[in-house]
Every structure is written in C-alpha cells, then in structure tokens.
Participant: 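Submitted below is the structure of interest, expressed as structure tokens.
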Amino acid sequence: MIEKKPKRRTRERILENSLRLFNEFGEPNVTTTVIADELNMSPGNLYYHFHNKDEIVNALFADFERGIEETLTAPTRRTADIEDIWLFLHLLFESIWRFRFLYRDLPDLLTRNRLLEVHVGRILEHKVRTATRLCEGLVEAGEMVASAAEIHALANNMAALSTCWLSFEYSRNPRQRMEGEALSRGVYQVMAMVAPFLVGDARLLLERLSAEYIKQLPKERR
C-alpha cells in the first residue's frame with residue numbers, strides 16, 4: 001500500500017509561493033490578492049494566516065536570516081584557505097539567490113519595514129566581521145600581505161559587493177531573466193578584490209580556480 005504524502009500546511013504554501021512571486025516579479029509588484037489568486041484561495045483565508053504582506057515578508061526574512069547567519073558563522077570556526085573561502089562565497093551567494101527579492105528590492109523594503117532595517121544592518125555587520133576574520137586568517141597563515149587598514153577596507157568592499165551584486169546584475173539588463181550564473185560571477189568578482197593581496201601558493205590556487213570558472217562562461221562573457 002502506497003502511503004500518501006501529507007499535504008503541506010497552508011502557511012507553508014503561502015510562504016513558498018510568495019517567495020517565488022517576489023523573486024520573479026519583485027516584492028513591490030506582488031499584492032496579497034495576487035498571492036491568494038495564485039494559490040486559488042480567498043483573501044480571507046490568506047489573512048487568517050498573515051494579516052498583511054509585511055507579515056509574509058517578515059516570515060520569509062526570518063527564514064533567510066537563520067540560514068545566512070549560520071553561513072556567515074561557519075568559516076570562522078577554523079582557519080580557512082582560499083578554496084574554503086571560494087566555497088563559502090558560493091554558499092553565501094546561494095542564500096542570497098534563494099531570497100533574491102530581499103536584495104534586489106532592499107532600498108524599498110528598508111524605507112517601510114523597521115524590522116528589516118534593524119536586522120539587515122546586523123547582517124551587514126556580520127558580513128564585515130566574517131570577511132575581516134577570513135583576511136586576518138590568510139595573513140596569519142602567510143598567504144596574504146595586507147595591513148590592518150587594507151583588511152578593513154577590503155572586508156567592507158567584500159560585504160558591499162556581495163550585498164549589491166544582484167541589484168547590479170538586474171540594473172545592467174532589467175528585461176533579461178537572471179539565472180544562477182549571476183552567482184558565480186559575483187563570487188568571482190569578490191575573489192578578484194582579494195587576489196592582489198595574495199602571495200605564493202594561495203595566489204596560484206586562486207588563479208587556477210578563476211581559470212576553471214572562466215572556462216565555463218559563454219565566450220561573449222569572458
């Protein structure tokens with residue numbers, strides 16, 4: 001006898017479909033009516049679970065925050081090398097990509113959502129701390145040559161680029177559908193900022209990783 005899979009709870013379905021719609025069309029362009037229509041439910045049924053769209057956004061943001069905080073904490077538990085940092089950045093950009101509406105629509109969201117205003121600031125500070133610790137670890141291991149001031153600037157630049165990358169990609173061609181390739185380009189650009197400070201085997205390893213990435217790009221993007 002084949003067991004039937006349990007139906008997903010209505011709340012989970014609302015969040016899942018809201019995330020898809022926000023990512024595809026932009027959060028400002030998706031109303032609760034659109035979400036209800038997409039799920040073939042009455043607005044009253046949706047309001048039973050979420051009183052307004054901000055509650056949906058906040059619930060999605062809570063899921064995002066849990067995941068990205070864990071991602072940002074992981075690489076500082078031990079000394080990381082260049083390959084570890086490359087992987088870490090991929091994981092970071094994957095978290096950003098899954099909830100990409102938060103980054104693409106960030107200025108609009110921050111102007112009207114106090115919870116996001118506070119918590120996004122904390123996430124950005126955590127990004128800078130993680131980038132700082134990674135750079136300091138490379139310096140301690142003799143794989144990077146950089147002063148404290150240079151590390152401070154580099155860490156802030158790494159955090160800024162990872163935060164703004166999807167907005168940059170979208171702004172370059174708003175009518176073109178963004179694909180996962182945008183993540184890899186973001187990782188590559190962040191690592192390109194680190195490259196001038198690397199020495200020895202670390203520099204050679206990054207050059208190899210970068211060359212392998214470039215080979216995977218379409219010729220028109222190389």
Participant: Got a list of side-chain donor-acceptor pairs under 3.5 Å for residues 34-49, not counting sequence neighbours?
Facilitator:
| from | atom 1 | to | atom 2 | distance (Å) |
| --- | --- | --- | --- | --- |
| E38 | OE2 | R20 | NH2 | 2.5 |
| S42 | OG | N45 | N | 3.1 |
| Y47 | OH | T32 | OG1 | 3.0 |

Participant: Who passes ring pair (Phe, Tyr, Trp, His ring centres under 6.0 Å) against F50, sequence neighbours left out?
Facilitator: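 Ring pair (Phe, Tyr, Trp, His ring centres under 6.0 Å) check on F50 returns nothing, list empty.
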Participant: Kindly say whether T10 contributes a backbone atom to a donor-acceptor pair with the side chain of R13 at under 3.5 angstrom?
Facilitator: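 No; zero donor-acceptor contacts below 3.5 Å.
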Participant: Would you say CZ of R98 has more than 12 non-hydrogen atoms from neighbouring residues, nucleotides or ligands within 6.0 angstrom?
Facilitator: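 Not more than 12 within 6.0 Å, no.
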Participant: Roughly how far apart are T130 OG1 and I85 CD1, rounded to 0.5 Å?
Facilitator: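 If I round to the nearest 0.5 Å, the distance is 11.0 Å.
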Participant: Show me the pairs that pass salt bridge (Lys or Arg N to Asp or Glu O under 4.0 Å) and involve residues 186-198, at least two apart or across chains.
Facilitator: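 Residue pairs passing salt bridge (Lys or Arg N to Asp or Glu O under 4.0 Å), neighbours aside: none found.
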Participant: Does a sphere of radius 6.0 Å around NE2 in H119 hold more than 12 heavy atoms from other residues, nucleotides or ligands, not counting ones at 6.0 Å or beyond?
Facilitator: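 Yes, because the 6.0 Å sphere around NE2 of H119 holds more than 12 heavy atoms from other groups.
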Participant: Kindly say whether Y170 contributes a backbone atom to a donor-acceptor pair with the side chain of R104 at under 3.5 angstrom?
Facilitator: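 Judged by distance alone, no pair lies under 3.5 Å.
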Participant: Other hydrophobic cluster members with L91, side-chain heavy atoms of Ile/Leu/Val/Met/Phe/Trp/Tyr under 4.5 Å, chained?
Facilitator: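 L87, which link up through side-chain heavy atoms under 4.5 Å apart, make up the rest of the cluster.
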Participant: Show me, pair by pair, the donor-acceptor contacts under 3.5 angstrom made by side chains of residues 187-205, not counting sequence neighbours?
Facilitator:
| from | atom 1 | to | atom 2 | distance (Å) |
| --- | --- | --- | --- | --- |
| R203 | NH1 | A195 | O | 3.3 |

Participant: If hydrophobic residues (ILVMFWY) are linked whenever their side-chain heavy atoms come closer than 4.5 Å, directly or via other members, who joins V118 in its cluster?
Facilitator: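 Its cluster mates, by chain and number: none.
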Participant: Is the F93 to Y103 ring centre distance short of 6.0 Å?
Facilitator: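 F93 vs Y103: aromatic centres not under 6.0 Å.
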